[in-house]
Amino acid sequence: MADFTSEITCSNGAYKYYVNGEWKESTSGKTVGILNPQDNKAVYQVQACNQEEVDACFKAAKEAGPGWAKTPLWKRAEYLHKVATSLKENWEPIAATLIKEVAKPAKDSKTEVIRSADFLSYTAEEALRFLGEGQLLVSDSFPGQDRNKLMLAQKVPLGVVLCIPPFNYPVNLAVSKIGPALMAGNTVVIKPPTQGSVSGIQMVQAFHKAGVPKGVINIVSGRGSEIGDYLVTHPGVNCISFTGGDTGISISKKAGMVPIQMELGGKDACIVLDDADLELAANNIVKGGFSYSGQRCTAVKLVLAIDTIADELIKKVNERVAKLTVGKPEDDAAVVPVVSESSAKFVEGLVKDAQEKGATLCQEYKREGNLIWPLMIDHVTRDMRIAFEEPFGPVIPMIRVKTVEEAIDYTNSNNLALQGCVFTQDLNKAIYVSDAMETGTVQVNAAPARGPDHFYFQGFRDSGIGSQGIKGSLAMMVKTKSTVINLPQATFTMG
């Protein structure tokens with residue numbers, strides 16, 4: 001395991017960045033400290049790269065592009081399978097970093113690395129089929145045309161893809177961009193989240209160990225506030241794939257004509273109808289809302305319960321909340337510290353606002369540093385911030401509604417529209433709610449979730465642009481190239 005990470009660290013322990021097949025120290029002489037969310041103390045250091053080093057990454061990616069685009073699909077797939085094998089063989093140091101860097105529970109940290117390896121293997125095989133198919137069109141299907149033109153359509157690379165994953169899944173949501181981009185014949189530059197940089201750097205080492213050609217994959221670390229705008233507006237960018245918060249809206253305005261794929265979070269509503277299985281609903285609300293302290297774009301962020309069953313539902317939910325473990329990620333606690341002090345303060349602000357405006361706190365609000373105990377908030381109303389804002393913490397508000405139409409109106413009035421769910425034993429009602437909810441995905445009788453990873457995944461309105469999932473990402477990582485063959489005379493298969 002030491003061999004896996006030894007060449008990616010400097011003599012002072014700081015992690016290097018990766019450009020053109022080499023691990024390097026920044027000429028800036030500066031590093032960025034990565035804080036452990038458990039105590040807010042620096043646990044790692046990464047290079048504070050400057051604009052010249054960003055330029056070098058894009059130069060390397062551009063120069064490697066033609067050779068990689070000419071690499072046969074089967075060979076690209078072979079590389080991805082090797083990377084997947086390397087990730088599975090070296091999951092332990094990466095998982096250990098996830099625990100320290102983003103306070104992810106130990107079991108979930110291992111799962112993230114293994115899931116990432118499986119994603120790459122599946123992407124490799126799916127891409128062989130999807131990218132291996134072209135299209136032939138003949139001209140006489142259009143009125144007035146003879147059969148003297150043949151059009152061959154093929155999928156070709158975009159160029160250099162800038163991949164920007166979030167802190168909560170710095171490995172999995174990196175490979176979900178990298179894998180489709182590489183299989184499509186693109187090269188990549190990765191800007192990992194500051195909190196999540198080290199696990200991202202270790203992930204890139206798996207590509208290096210697999211022998212991926214120089215310049216095909218590059219990773220540049222540093223503060224987004226210092227190199228972020230320079231990255232997204234760089235003339236070398238041909239596509240941006242971003243997962244994160246409302247920073248993405250700013251990026252979309254700056255990116256110009258560059259194709260964009262974005263997932264920007266959600267206020268994922270859970271609608272519980274009066275015929276629902278309340279045991280099932282309560283289990284999903286607690287698991288879906290509190291796992292990893294609610295720091296998931298698809299976490300349950302709002303419960304909309306029909307008032308006739310609201311009392312019974314909140315009772316069942318609170319019984320389950322009382323059994324949640326709270327503590328350290330290495331102990332596999334269900335509720336762990338949120339990623340930063342600013343995040344903890346933001347969540348606390350939402351709670352205090354709701355309390356001051358008359359909401360009912362079902363548990364005592366308790367916070368120690370970045371660790372916030374799980375909290376259900378009942379009798380939430382529209383004037384409270386938590387009714388519409390995404391907490392990204394272990395706090396779930398509940399709004400009581402009289403009708404399903406009222407619940408749907410709540411979900412559709414939010415600018416965030418990633419996912420939602422409905423609990424009912426009537427399939428007709430489920431389809432009615434799904435059709436009426438203006439959101440990217442609606443789960444029936446289960447909490448919101450991203451995956452399995454080959455499922456389409458997208459957000460509406462301010463929750464994103466484009467569709468993800470393996471095939472969705474492959475489709476947006478290419479452009480269509482047409483070749484028209486003009487024949488001297490019409491020709492037909494039968495003579």
Side-chain angles (χ1 to χ4, degrees), residues 1 5 15 33-44 46 87-88 90-119 164-177 190 192-206 243-245 263 265 286-301 324-344 347 368-374 390-395 447-451 453:
M1 299 301 175
T5 59
Y15 280 78
I34 309 300
L35 306 183
N36 186 328
Q38 295 191 69
D39 56 15
N40 288 321
K41 294 181 180 178
V43 64
Y44 298 113
V46 298
L87 285 172
K88 288 187 175 181
N90 296 282
W91 69 265
E92 290 182 84
I94 303 175
T97 298
L98 287 168
I99 293 170
K100 295 178 181 178
E101 191 175 31
V102 296
K104 179 161 287 191
K107 183 178 178 181
D108 293 342
S109 294
K110 177 182 179 180
T111 298
E112 178 169 350
V113 181
I114 300 302
R115 177 185 182 183
S116 300
D118 290 340
F119 183 100
I164 309 177
F167 81 84
N168 54 345
Y169 288 91
V171 176
N172 184 252
L173 286 177
V175 301
S176 72
K177 307 172 189 306
I190 308 156
T194 300
Q195 205 78 17
S197 291
V198 175
S199 49
I201 289 168
Q202 292 173 336
M203 175 270 300
V204 169
Q205 174 70 336
T243 302
E263 189 266 283
V286 172
K287 182 179 180 181
F290 293 114
S291 61
Y292 192 34
S293 297
Q295 296 177 110
R296 297 165 21 254
C297 293
T298 55
V300 173
K301 312 265 178 49
L324 290 172
T325 56
V326 181
K328 298 179 178 181
E330 45 267 76
D331 296 334
D332 266 329
V335 178
V336 294
V338 295
V339 72
S340 66
E341 184 178 10
S342 61
S343 295
V347 174
E368 292 180 2
N370 295 347
L371 183 62
I372 299 173
W373 270 248
E390 182 182 23
F392 235 63
V395 178
R450 179 178 60 88
D453 286 322

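Everything quoted here is computed from the prediction, not taken from an experiment. One-based numbering along the sequence shown.
When side chains are defined from C-beta on, Pro170 counts as touching Pro193, because their heavy atoms get closer than 4.5 Å. With a 4.5 Å cut-off on side-chain heavy atoms, Val338 and Phe392 do not count as touching. In this structure, Val175 and Pro165 have side chains that are not in contact, with every pair of non-hydrogen atoms separated by 4.5 Å or more. When side chains are defined from C-beta on, Leu173 counts as touching Ser176, because their heavy atoms get closer than 4.5 Å. Inter-residue side-chain proximity for Thr97 and Ile201 is flagged as unmet; no heavy-atom pair is nearer than 4.5 Å. Contact of the Glu112 side chain with the Val102 side chain is not registered, since no non-hydrogen atoms from C-beta on lie closer than 4.5 Å. Residues Asp453 and Arg115 form a side-chain contact, since some pair of their non-hydrogen atoms from C-beta on lies under 4.5 Å apart.
When all heavy atoms of Arg296 and Asn168 are compared, the pair lying nearest together is CA-ND2, 3.8 Å. Lys177 and Ile164 make their closest contact through CE-O, 3.6 Å (heavy atoms, listed as atom of the first residue, atom of the second, distance).
Annotation: the span from Met203 atom CE to Ile190 atom CD1 amounts to 4.5 Å, rounded to 0.5 Å. The line from CG of Asp108 to CG of Asp332 is 7.0 Å long, rounded to the nearest 0.5 Å. Rounding to the nearest 0.5 Å places CD of Glu101 at 10.5 Å from CG of Leu35.
A tilted orientation is assigned to the rings of Tyr292 and Phe167, their planes being inclined by 30° to 60°.
A side-chain contact (heavy atoms from CB on, under 4.5 Å) with Val326 holds for exactly one of Val336, Ile372, Val335; it is Val335.
Looking at Glu390, its side chain never comes within 3.5 Å of a backbone N or O of Lys301 through a donor-acceptor pair. Glu263 places a side-chain N or O within 3.5 Å of a backbone atom of Gly265 that can act as its donor or acceptor partner. Within the 3.5 Å criterion, the main-chain N or O of Gln38 finds a donor-acceptor partner in the side chain of Asn36.
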Practice problem: Please test Val198 against Val43 for side chain to side chain contact (heavy atoms under 4.5 Å, CB included), starting from the C-alpha separation and ending with a verdict. | Solution: CA-CA 10 Å; Val198 175; Val43 64; over 6 Å; no
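No side-chain N or O of Gln195 forms a donor-acceptor pair with one of Ser340 less than 3.5 Å apart.
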